[in-house]
Amino acid sequence: NAGVTQTPKFRILKIGQSMTLQCTQDMNHNYMYWYRQDPGMGLKLIYYSVGAGITDKGEVPNGYNVSRSTTEDFPLRLELAAPSQTSVYFCASRGRGPDGYTFGSGTRLTVV
Amino acid sequence: ELKVEQNPLFLSMQEGKNYTIYCNYSTTSDRLYWYRQDPGKSLESLFVLLSNGAVKQEGRLMASLDTKARLSTLHITAAVHDLSATYFCAVDAGNQFYFGTGTSLTVIP
């Protein structure tokens, strides 16, 4: 199994550009999450989803949008990129059981 | 909102020494998780603690959970350089986990 796959791994954006970070999981997990991690810091929840068609805001949703049209995919959209969005973005998923999150490998985004 | 506090935030220890990382949380939960993150890498699951009194061990690391005290500990025995990483605890709050701030561990030869 591939687990949680994130693309791209690295990206440089100019201020004002938009992009979509892709996240796909093949474990049939209901729950999916987007976190950002600034250098030397912990994880901040951006958005999460408890199932297809359902999304909810986390701690830091401003400047981002998500959709969950299928169980497998949970893309994160950045509109009008700003330098404050320079960060590493992690997607994660989990099932309904006691196992914890499975994390993707991350996307390192720089906005210049 | 659930608060999760880890301490210390930074830990520098000599090889061969023992130390404990603490994870306190502010509300009732029976599930707590520990993760390891190497520099520039993603988070890797270390331990899953699912009930009061749960204890898990893997190599030089041992994790425990006291749900009544709302406290989990990660004990390091006879540290080696390979354990240098950032360690996060996370508390299951239903639809999401709440993560601690992380403990950056450096093991010095």
Side-chain angles (χ1 to χ4, degrees), chain A residues 2-7 9-10 21 23 25 27 29-51 54-61 66 68 74 87-110, chain B residues 1-11 21 23-25 29-52 54 56 58 63 65 67 72 74 84-106:
Chain A
V4 178
T5 302
Q6 288 185 238
T7 57
K9 293 191 183 305
F10 303 93
L21 282 66
C23 176
Q25 54 92 8
M27 298 169 284
H29 283 171
N30 297 96
Y31 299 87
M32 296 189 74
Y33 306 86
W34 276 106
Y35 287 88
R36 60 176 286 173
Q37 185 178 36
D38 297 330
M41 305 294 285
L43 298 168
K44 292 185 179 179
L45 181 63
I46 305 171
Y47 271 96
Y48 68 99
S49 169
V50 300
I54 306 169
T55 62
D56 210 344
K57 294 178 181 179
E59 180 185 358
V60 289
V66 293
R68 185 93 183 271
F74 191 41
S87 191
V88 179
Y89 292 83
F90 289 105
C91 179
S93 73
R94 70 173 177 124
R96 293 191 184 278
D99 294 340
Y101 287 12
T102 299
F103 283 88
S105 58
T107 296
R108 189 174 297 273
L109 175 67
T110 303
Chain B
E1 180 182 310
L2 191 154
K3 300 288 186 188
V4 183
E5 293 184 351
Q6 277 183 245
N7 66 82
L9 296 184
F10 299 94
L11 176 57
I21 298 170
C23 174
N24 291 273
Y25 54 99
S29 177
D30 288 337
R31 296 184 180 182
L32 189 134
Y33 302 79
W34 284 95
Y35 292 87
R36 168 180 172 145
Q37 185 179 34
D38 292 309
K41 302 292 186 182
S42 186
L43 282 80
E44 169 191 352
S45 179
L46 282 177
F47 297 111
V48 177
L49 303 169
L50 300 177
S51 61
N52 185 42
K56 295 281 184 73
E58 180 75 32
L65 178 61
T67 58
S72 180
L74 181 65
S84 296
T86 299
Y87 294 85
F88 291 94
C89 63
V91 178
D92 187 348
N95 285 339
Q96 63 174 285
F97 288 4
Y98 285 84
F99 284 83
T101 48
T103 296
S104 177
L105 170 65
T106 303

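- At least one side-chain heavy atom of A:F90 sits less than 4.5 Å from a side-chain heavy atom of B:Q37.
- The closest donor-acceptor contact from the side chain of A:Y101 to the backbone of B:L43 lies at 3.5 Å or more, if one exists at all.
- Around atom CD of B:E5, no more than 12 heavy atoms belonging to other residues, nucleotides or ligands sit under 6.0 Å away.
- Formation of a donor-acceptor pair under 3.5 Å by the B:S42 side chain with backbone atoms of A:G104 is found in this model.
- Listed by first and then second residue, the salt bridge (charged side-chain N to carboxylate O under 4.0 Å, His left out) pairs that reach into residues 30-45 of chain A are A:R36-A:D38, sequence neighbours excluded.
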Please set out all donor-acceptor pairs under 3.5 angstrom arising from side-chain atoms of residues 87-97 of chain B, sequence neighbours excluded.
unit_1	atom_1	unit_2	atom_2	d
B:Y87	OH	B:L83	O	2.6
B:D92	OD1	B:G94	N	2.8

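- Within the model, atoms CG of A:L43 and OH of B:Y98 stand 13.5 Å from one another, a figure rounded to the nearest 0.5 Å.
- Of all the listed residues (A:G58, A:G100, A:G42), the one sharing the greatest number of non-hydrogen pairs under 4.5 Å with chain B is A:G100.
- Contact record, B:L50 with A:P98: CD1-CB, 3.6 Å, taken as the closest heavy-atom pair.
- Proximity to chain B is limited to the backbone of A:D99, based on heavy atoms less than 4.5 angstrom apart.
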